Student: 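Let me begin by handing over the structure; questions about it come next.
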Amino acid sequence: MSVSQSAQQGAIMILTHNLGFPRIGAQRELKKALEAYWNEKSTAEQLLAAANSIQAANWKIQQQAGIDLIPVGDFSLYDHVLDMTMLLGAIPRRFDADYPKPLDLYFAMARGNAKQPAMEMTKWFNTNYHYIVPEFDADTEFKLASTKLFEEIKAAQACGITPKPVLVGPLSYLYLGKETIAGFDRLQLLPRLLPVYQQILQEMASLGVTWVQIDEPILTLDLDHGWAESFLPAYQTLATTGCKLMLATYFGSVTHHAATLATLPVAGLHLDLCRAPEQLDHFSGSDFTDKVLSLGIIDGRNIWRADLSAKLKTLLHTLSARKSPVWIAPSCSLLHCPVDLTQESQLDAEIRNWLAFSVQKLQEISTLARGLNQGQASISAELASADQAIQSRRESTRIHNPVVRQRVAALGASDYARSHSFTERQKAQRQRFSLPLLPTTTIGSFPQTSAIRQTRAAFKKGDISHLDYLAAMRAEIGDVIRKQEALELDVLVHGEPERGDMVEYFGEQLWGYAFTEHGWVQSYGSRCVKPPILYGDVHRPEAMTVEWLAYAQSLTKKPVKGMLTGPVTMLMWSFVRDDQPHAQTALQLALAIRDEVRDLEKAGIGMIQIDEPAFREGLPLRKAEWQDYLDWAVKAFRVASANVQDETQIHTHMCYSEFHDILPAIAALDADVITIETSRSRMELLDAFAKFSYPNEIGPGVYDIHSPRIPDAAEMLALLQKAAATIDPRHLWVNPDCGLKTRNWPETSAALEKMVNCAKNMRGIL
Ligand code: GLN
Ligand code: ZN
């Protein structure tokens with residue numbers, strides 16, 4: 001019996017749902033509204049009105065795409081985990097002060113203010129999205145503290161859609177937070193937390209909600225003792241509220257928790273079948289017949305058009321064996337995908353035909369459902385069009401470059417290592433640069449003023465000539481060099497005025513990359529990134545940064561650090577091809593960067609920083625797979641960086657402090673200097689470096705650039721003292737946490753002046 005027959009007989013109706021929709025708006029409307037509010041150019045009412053209209057537009061888009069159950073509560077003004085913290089009333093006590101406007105408290109927690117540093121922010125699993133880390137201690141209390149979600153449910157109902165509210169599940173919420181006092185185990189808070197979840201679910205049931213999506217992505221991780229065991233009792237507590245729970249997992253396989261999952265009293269289970277397709281066989285078995293299976297079959301993390309025929313075949317196979325209900329969905333929230341491909345008018349037609357963004361992905365989902373519900377013939381046009389696109393991509397001559405393939409194949413051991421040990425290089429570098437103890441530097445970018453952005457945009461549009469552009473950028477570089485000299489920084493940078501984005505800038509100059517106009521994805525708060533599309537073999541036709549760096553160096557006697565983006569970050573922050581292993585793509589990128597490093601060195605640039613902020617985020621979610629990733633990632637960095645003289649100093653920079661567990665790999669990069677983010681975590685990370693006896697030099701960030709707050713000198717000095725007590729001061733550098741492009745000049749100058757003074761004071765003490 002075919003599925004279409006069974007659907008006609010009313011047996012199985014395949015439903016579609018979505019796990020989350022991008023919040024930023026197709027034209028980044030949310031970003032604009034937020035920034036206007038923060039800059040006091042608009043009122044809270046205006047911000048909320050803008051947010052509501054984006055949300056309503058998003059619901060409509062999803063409805064028009066044919067999605068049956070539409071997520072509500074996935075929208076957020078800053079971050080959905082922070083929204084959960086507000087909903088659960090888990091406001092850290094340091095924010096107890098009276099905030100006159102309700103939004104002030106919310107944004108104080110997200111961004112910090114004059115009185116309080118922001119809450120910590122960290123990467124959402126292995127994505128480039130950042131969430132605000134909940135803070136817990138033994139006194140943390142929870143209470144139903146916000147009506148936002150309920151208002152949204154009502155608003156959605158008023159728009160005529162069937163809302164499926166989304167919550168971060170209780171275990172994931174606790175797990176993703178952090179204890180603010182040592183020795184406390186946040187899992188102990190679960191009994192206090194569950195009654196509030198019950199209340200939330202009851203309230204939703206009373207609003208007429210049937211299905212609730214409850215996200216427990218931590219099920220894709222290796223969970224420490226106690227966590228996995230807590231799922232059954234927790235979900236037993238939540239089983240009687242009147243709502244049906246769709247337990248959503250994503251970003252990896254949850255087969256290692258299958259036994260637990262089988263016992264949970266939830267009505268549905270969502271699986272990511274793009275990251276872990278093997279799960280399908282596992283979970284379509286008899287243990288899960290009491291649950292709706294939601295098949296995450298369309299990739300929510302990448303932009304390639306789906307092979308609809310292949311997907312349909314998989315679905316038909318599953319359905320032939322399964323009598324219980326099935327839903328179809330994207331693999332995860334579409335938060336990680338750009339909004340709408342139809343916004344792209346400049347993209348090359350051949351490449352465009354290979355792509356699907358959020359809106360198109362939802363259409364793919366409803367097409368598949370229609371094919372299953374009404375028979376394959378009802379979608380024959382869509383299938384033919386997808387088949388044609390898939391074949392065109394497989395055969396396109398624009399993808400394969402034999403020269404690049406040969407270079408990668410010819411790489412040998414000597415290409416992966418510097419000629420001499422760090423100790424020998426350090427001697428040569430000290431001689432060359434004669435820097436003071438605790439040298440001061442920055443991470444690369446300086447404020448990207450609107451004048452800079454306008455000049456770049458005008459140049460891109462062809463409104464100003466090459467020469468005018470060159471003059472304007474040189475003026476910026478000159479200005480930044482003078483400012484750094486006045487601040488008495490020891491190692492200068494050119495400020496990156498020519499770069500809108502650290503990946504896009506390089507991608508634009510490499511073969512194998514394509515660019516979108518509106519392919520934005522939220523990174524944190526109002527910050528969005530536009531990952532380029534890495535579709536083919538990578539080749540660097542000519543130097544990418546040498547002109548700017550040589551000019552900057554010509555203006556000063558102090559060393560100017562060259563600034564490049566590393567192969568792993570280029571890969572992680574691009575939408576990357578799915579037709580060859582990442583390791584292969586990384587080596588192609590590494591060779592392009594290696595060529596640039598050599599050209600910078602030849603041009604007399606003595607320090608070259610190869611940024612790898614995405615190194616940590618590339619780690620697979622499960623430890624068993626780490627080594628394989630680290631092997632190729634380290635190898636790629638070394639291919640990019642090892643081909644230089646001893647006296648050329650290689651720097652690298654990484655953001656986010658969670659790499660205690662991969663220090664051997666960080667050391668294996670063998671960068672002469674690494675600058676890292678440590679200020680938000682109060683230098684905790686340095687202990688790990690010390691314990692590991694990290695051999696090379698380190699610049700722990702002494703202040704948080706993500707916050708507009710000017711750091712306090714005493715606070716900075718305390719951090720530096722802590723650092724000097726932990727790490728040999730002769731190996732220490734002094735720098736901010738990250739690049740300064742998002743800050744303004746008054747903040748930047750004031751902060752750096754304090755930082756330099758702080759380094760000078762510290763030199764006096766040591
Ligand atoms: N060099 C880059 C900058 O300063 C590094 C950015 C990053 O680490 N994300 O902007
Ligand atoms: Zn950084």
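Being a predicted model, the structure only gives us computed values, none of them experimental. Both counts, for ligands and for their atoms, begin at 1 and track the order of listing.
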Student: Would you please indicate yes or no on a ring centroid separation below 6.0 angstrom for Phe446 and His494?
Tutor: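 Distance test on ring centres: not under 6.0 Å, no.
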Student: As an exercise, identify every atom of ligand 1 less than 4.0 angstrom from a heavy atom of Gly739.
Tutor: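 Contacts of ligand 1 toward Gly739, numbered from 1: 3 (C), 4 (O), 10 (O).
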Student: Tell me if the aromatic rings of Phe689 and His731 count as close, with their centers under 6.0 Å from one another.
Tutor: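 Judged by ring-centre distance (under 6.0 Å), Phe689 and His731 do not meet the cut-off.
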Student: If we set the cut-off at 4.0 Å for heavy atoms, which region of Ser445 has an atom near ligand 1: side chain, backbone, both, or neither?
Tutor: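 The part of Ser445 near ligand 1 is both the backbone and the side chain.
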Student: Do Tyr78 and Arg111 come within less than 4.5 Å of each other through their side chains, counting heavy atoms only?
Tutor: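 Yes, close enough: below the 4.5 Å cut-off.
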Student: For Glu496, which part has a heavy atom under 4.0 Å from ligand 1: side chain, backbone, both, or neither?
Tutor: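 Just the side chain.
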Student: Do Phe433 and Met607 touch side chain to side chain, with heavy atoms closer than 4.5 Å?
Tutor: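 Touching, per the 4.5 Å side-chain cut-off.
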Student: Do Arg527 and His130 have a side chain donor and acceptor closer than 3.5 Å?
Tutor: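 Checked: Arg527/His130 side chains show no N/O donor-acceptor pair below 3.5 Å.
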Student: Any nitrogen or oxygen of Ile443, side chain or backbone, less than 3.5 Å from one on ligand 1?
Tutor: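 Yes, Ile443 has an N/O under 3.5 Å of an N/O on ligand 1.
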Student: Out of all atoms in ligand 1, which are within 4.0 Å of some heavy atom of Asp611? Include the element for each.
Tutor: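 Those qualifying, in numeric order: 1 (N), 2 (C), 5 (C).
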Student: Going by the atom numbers of ligand 1, which of them fall below 4.0 Å from some non-hydrogen atom of Cys655?
Tutor: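 Reading through ligand 1 atom by atom, the close ones are 7 (C), 8 (O), 9 (N).
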Student: If you count the atoms of ligand 1 from 1 in the order shown, which ones are under 4.0 Å from a heavy atom of Met502?
Tutor: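 Atoms satisfying the 4.0 Å criterion: 6 (C), 7 (C), 9 (N).
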Student: With heavy-atom distances below 4.0 Å as the criterion, list the atoms of ligand 1 near Met563.
Tutor: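 Within the 4.0 Å cut-off of Met563, ligand 1 contributes 1 (N).
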Student: Between Trp573 and ligand 1, does any nitrogen or oxygen pair lie at a separation below 3.5 Å?
Tutor: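 No, there is no polar N/O contact under 3.5 Å.
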Student: Give the atom numbers and elements of ligand 1 that come within less than 4.0 Å of a heavy atom of Gly444.
Tutor: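 Every atom of ligand 1 under 4.0 Å from some heavy atom of Gly444: 4 (O).
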Student: For the Zn ion (ligand 2), give me the closest N/O/S atom belonging to His653, just the atom name.
Tutor: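 Within His653, restricted to N, O or S, the Zn ion (ligand 2) is closest to atom NE2.
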Student: Find all atoms of ligand 1 within a distance of less than 4.0 Å from any non-hydrogen atom belonging to Cys738, and give their numbers and elements.
Tutor: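 Those atoms are 7 (C), 8 (O), 9 (N).
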Student: So, do His518 and Phe357 have ring centers that fall under 6.0 Å from each other?
Tutor: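 So the answer is no for these two rings.
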Student: Measure from the side-chain N and O atoms of Lys31 to the backbone N and O of Ser526, and report whether any donor-acceptor pair falls under 3.5 Å.
Tutor: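 Yes; at least one donor-acceptor contact below 3.5 Å.
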Student: Can you tell me if CZ on Arg730 sees more than 12 non-hydrogen neighbours from other groups inside 6.0 Å?
Tutor: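 At most 12 heavy atoms, drawn from other residues, nucleotides or ligands, come within 6.0 Å of this atom.
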